Protein chains: 2
Amino acid sequence: MKYEYTIGQVAKSAGCKVQTIRYYEQIGLLPNPIRSEGNQRLYSNRDVHRLSFIRHARDLGFPLQAVRDLISISDSPDHACEAADEIAETQLKDVRARIQRLQALEKELSRMLDHCHGGKASDCLVLETLSDHSLCVTEDHKNPA
Amino acid sequence: MKYEYTIGQVAKSAGCKVQTIRYYEQIGLLPNPIRSEGNQRLYSNRDVHRLSFIRHARDLGFPLQAVRDLISISDSPDHACEAADEIAETQLKDVRARIQRLQALEKELSRMLDHCHGGKASDCLVLETLSDHSLCVTEDHKNPA
DNA sequence: CCTTGAACCTACAGCTACTGTAGATACTAC
DNA sequence: GTAGTATCTACAGTAGCTGTAGGTTCAAGG
């Protein structure tokens with residue numbers, strides 16, 4: 001196995017910061033890489049691949065713990081697909097819940113702004129609405145998301 | 001002005017934790033309340049009102065700095081409504097961007113899962129997709145949100 | 001009056017997922 | 001040889017709380 005990439009090159013190809021890679025190493029998400037004579041980290045293609053797996057999962061909004069689980073699944077020889085499935089499904093539910101919540105927020109915010117644009121500065125509906133929760137149309141945003 | 005509410009009562013009515021209130025006080029979002037003889041915090045209706053303003057803004061996703069700005073606007077005598085408007089509008093844009101991003105994630109996640117359900121455990125598309133960014137249909141999720 | 005238990009107090013550590021900084025060393029190009 | 005960039009370690013800081021430890025205060029019951 002060739003170890004040919006510096007941390008900077010790897011960071012660039014993964015679209016993340018150098019510190020992020022060191023952070024992943026520190027928390028055990030990436031293995032300790034070998035070092036050059038001058039004590040600089042050297043990465044193989046395999047390492048690069050793992051990092052891109054992590055970044056992709058993170059881009060998809062998976063929390064680090066889920067990424068950890070996904071890695072251990074994909075590392076295990078029998079690839080327990082159902083477990084990976086379940087993690088992805090949990091994540092999907094979470095994403096959908098967040099979308100719902102954000103849409104409720106959007107509704108309330110734009111309602112607030114619509115009214116305010118029409119009114120005078122003296123009776124700013126933005127501030128009034130914020131002051132008085134009872135003016136809310138939607139109460140959905142109180143739900144966890 | 002009557003100071004009649006304990007921190008616990010205020011927390012309950014605002015739907016937040018006691019610690020959160022102390023935290024808001026610490027960072028200067030809530031004024032230092034008066035204290036009872038036994039050194040316990042006592043709040044007025046005005047304090048309760050301000051906390052509910054803060055919580056409502058937070059429920060709407062405003063970051064604390066925006067909340068700070070909104071408070072100072074609503075505290076100022078001439079109520080610069082346009083400034084409040086602008087903050088709300090920024091927030092609305094942000095919410096919409098987040099919705100877009102999350103919808104892209106949703107699409108990719110469900111695509112991933114759809115394929116996986118159909119396939120065999122041996123070629124888990126969840127793990128494969130995560131491994132290979134090039135399998136992505138949407139690349140939108142790379143945009144900041 | 002005394003005790004019990006809940007609510008309160010301060011001060012600080014911990015959470016997620018990084019990001020930034022300081023000061024030192026290594027590598028690359030001219 | 002030297003300049004400039006990349007890397008190294010170690011640690012502090014970010015947002016927005018939340019939890020914990022170890023101690024006080026308060027309200028109710030016996």
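Just so we're on the same page: letters track the sequence lines, and every chain starts at 1. None of the values given here were measured: they were computed from a predicted structure.
- Side chain of A:Gln9 to backbone of A:Thr6: a donor-acceptor contact under 3.5 angstrom is found.
- Following rounding to the nearest Å, A:Glu25 (CD) and C:dA17 (C1') show an atom-to-atom distance of 16 Å.
- To the nearest angstrom, C1' of D:dG16 lies 8 Å from CD1 of B:Ile27.
- When the nearest nucleotides of DNA chain C are assigned to B:Arg35 and A:Gln65 by heavy-atom distance, the more 5′-ward of the two goes with B:Arg35.
- B:Leu42 places its CG atom 12 Å from the C1' atom of D:dT25, with the value rounded to the nearest Å.
- Within 4.0 Å of B:Gln40, counting heavy atoms only, lie sugar-phosphate atoms of the nucleic acid but no base atom.
- Comparing C:dC18, C:dT10, C:dC27 by their nearest atom to the side chain of A:Arg55 picks out C:dC18.
- Proximity of A:Thr6 to the phosphate of D:dT7: a side-chain N or O atom is located under 4.0 Å from OP1 or OP2.
- When rounded to the nearest whole Å, the span between CD1 of B:Ile54 and C1' of D:dA15 equals 16 Å.
- The distance from atom CD of A:Gln26 to atom P of D:dC11 is 11 Å, rounded to the nearest whole Å.
- Checking D:dC17, D:dT7, C:dG20 against every side-chain atom of A:Gln19, the shortest atom distance belongs to C:dG20.
- In the model, B:Arg50 has no side-chain atom that pairs as donor or acceptor with a side-chain atom of B:Tyr43 under 3.5 Å.
- No more than 12 heavy atoms of other residues, nucleotides or ligands lie within 6.0 Å of CD in A:Glu86, so this atom counts as exposed by the packing criterion.
- Screening B:Gln91, B:Arg96, B:Lys93 for a side-chain contact (heavy atoms from CB on, under 4.5 Å) involving A:Leu109 leaves a single residue, B:Gln91.
- As rounded to whole Å, 19 Å separates atom P of D:dT20 from atom OH of B:Tyr23.
- For the residue pair A:Asp47 and A:Tyr5, no side-chain donor N or O sits within less than 3.5 Å of a side-chain acceptor on the partner.
- No donor-acceptor distance shorter than 3.5 angstrom exists from the side chain of B:Thr20 to the backbone of B:Cys16, with no hydrogens or angles considered.
- Side-chain proximity of B:Pro63 to the nucleotides D:dT18, D:dG16, C:dC18 is greatest for D:dG16.
- Contact annotation: A:Arg41 does not reach the phosphate of D:dT7 (side-chain N/O to OP1 or OP2, under 4.0 Å).
- Regarding contacts with the backbone of D:dG16, every side-chain N or O of B:Thr20 stays at 4.0 angstrom or more from both OP1 and OP2.
- The residue among A:Arg22 and A:Gly38 whose nearest nucleotide of DNA chain C lies closer to the 5′ end is A:Arg22.
- Across D:dG19, D:dG16, C:dA17, the shortest atom-to-atom separation from the side chain of B:Lys17 is found for D:dG19.
- In this structure, B:Arg35 places its CZ atom where more than 12 heavy-atom neighbours from other residues, nucleotides or ligands lie under 6.0 Å away.
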Please produce a list of atom pairs where a protein N or O lies less than 3.5 Å from an N or O of nucleotides 28-30 of chain C.
none

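- With C:dG20, C:dT10, C:dC27 as the choices, the nucleotide that has an atom nearest any side-chain atom of A:Ser36 turns out to be C:dC27.
- Looking at heavy-atom distances under 4.0 Å, B:Ile7 makes contact with sugar-phosphate atoms alone, never a base.
- Distance B:Leu64 CG to D:dG13 P: 19 Å, rounded to the nearest Å.
- Residues A:Met112 and B:Ala88 come closest through the heavy atom pair CE-CB, 4.1 Å.
- Of the two residues near DNA chain D, B:Phe62 and B:Glu37, the one whose nearest nucleotide lies more 5' is B:Phe62.
- B:Tyr24 comes within 4.0 angstrom of sugar-phosphate atoms only, judged by non-hydrogen atoms across all strands, and of no base.
- Looking at the side chain of B:Asn39, the nearest of the listed nucleotides C:dG20, C:dC9, D:dT7 is C:dC9.
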